[in-house]
Amino acid sequence: QLQASGGGLVQAGGSLRLSCAASGRSFSMYAMGWFRQAPGEEREFVAAITGTGKSTIYADSVKGRFTISRDNIKNTVYLQMNSLKPEDTAVYYCAADPGVLSRRGGAYDYWGQGTLVTVSS
């Protein structure tokens with residue numbers, strides 16, 4: 001089970017850190033990803049991290065502004081979001097992938113409930 005939190009309202013240029021807490025004892029065996037879905041838009045990939053935390057991938061739209069990390073002791077994955085833009089407004093979802101890093105939502109078996117991020121201009 002995945003529980004995302006940390007969303008909220010922030011002004012453009014501001015920062016937020018999202019957290020996703022996972023239950024279970026095999027957290028480190030899963031690659032973890034963040035996706036987002038804006039109103040009226042399809043879900044899109046944001047970032048992902050391997051089980052060990054040694055490798056990450058990002059969408060071009062967030063590269064250099066967002067950082068994904070994880071703490072396998074706390075069973076938690078984070079998404080640090082800096083220099084936020086109004087176009088980052090979306091519901092953000094965390095997800096767990098038992099395989100290798102992927103940008104495809106279909107590769108992820110487990111999904112959190114989402115947390116809303118609103119960036120005002």
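FYI, side chains are in, hydrogens and waters are out, and symmetry mates aren't considered; it's all heavy atoms of this structure.
Rounding to the nearest 0.5 angstrom, the gap separating the CG atom in Leu101 from the CD1 atom in Ile57 is 4.5 Å. We find the CG-CG distance between Leu2 and Asn75 to be 10.0 Å, quoted to the nearest 0.5 Å. Distance check: Met32 CE to Thr76 OG1 gives 9.0 Å after rounding to the nearest 0.5 Å. Rounded to the nearest 0.5 angstrom, Tyr110 OH and Gln1 CD are separated by 12.0 Å. Within the model, atoms CD of Gln80 and CG of Leu18 stand 9.0 Å from one another, a figure rounded to the nearest 0.5 Å. We find the CG-CG distance between Leu9 and Leu116 to be 9.0 Å, quoted to the nearest 0.5 Å.
Under the salt bridge (Lys or Arg N to Asp or Glu O under 4.0 Å) criterion, Arg70 pairs with no residue, sequence neighbours left out. Every residue two or more places apart in sequence or in another chain that forms a ring-ring contact (aromatic ring centres under 6.0 Å, His included) with Tyr108 is listed here: Phe35. Listed by chain and number, the residues in a side-chain contact (heavy atoms from CB on, under 4.5 Å) with Glu87 are Lys85 (sequence neighbours excluded).
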ask   = Would Ile49 and Val77 count as a side chain to side chain contact (heavy atoms under 4.5 Å, CB included) if you check the C-alpha gap in whole Å, the side-chain angles of each, and the deciding distance to 0.1 Å?
value = CA-CA 9 Å; Ile49 188 167; Val77 62; 4.1 Å; yes
key: Audit row: Arg43, Arg36, side chain to side chain contact (heavy atoms under 4.5 Å, CB included) steps and yes/no   = CA-CA 6 Å; Arg43 182 181 62 195; Arg36 67 187 182 186; over 6 Å; no
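Val62 is not connected to Phe45 by any chain of hydrophobic side-chain contacts under 4.5 Å among Ile, Leu, Val, Met, Phe, Trp and Tyr, and they are in different clusters. Neither Tyr93 nor Trp34 shares a network with the other; the hydrophobic side chains, linked directly or stepwise wherever heavy atoms of I, L, V, M, F, W or Y lie under 4.5 Å apart, form separate groups for each.
Contact detail for Arg65 and Ser83: the closest heavy-atom pair is NH1-O, 2.9 Å. Here the closest non-hydrogen pair linking Ile68 and Tyr58 is N-OH, 2.9 Å. Between Phe27 and Ala22, the closest heavy-atom pair is CD1-CB, 3.4 Å. Annotation for Val91 and Gly114: closest pair CG1-CA, 3.8 Å, computed over non-hydrogen atoms. Pairing each heavy atom of Ser121 with each of Ala12, the nearest pair is CA-CB, 4.3 Å. Among all heavy-atom pairs drawn from Asn72 and Gly51, the shortest one is ND2-O, 2.8 Å.
For Gln37 (side chain) and Tyr92 (main-chain N/O), no donor-acceptor pair under 3.5 Å exists by modelled atom type. Judged by distance alone, the side chain of Thr115 and the main-chain N or O of Gly7 form a donor-acceptor pair under 3.5 Å.
Leu16 has its side chain within reach of Leu84: a pair of non-hydrogen atoms, C-beta onward, lies under 4.5 Å apart. Looking only at side-chain heavy atoms (C-beta outward), Phe66 and Asn82 stay at 4.5 Å or farther from each other. Within the 4.5 Å cutoff, the side chain of Met81 has heavy atoms near those of the Val117 side chain.
Donor-acceptor pairing under 3.5 Å is lacking for the side chains of Arg17 and Tyr78. A donor atom on one side chain and an acceptor atom on the other are not found under 3.5 Å apart for Ser102 and Asp97.
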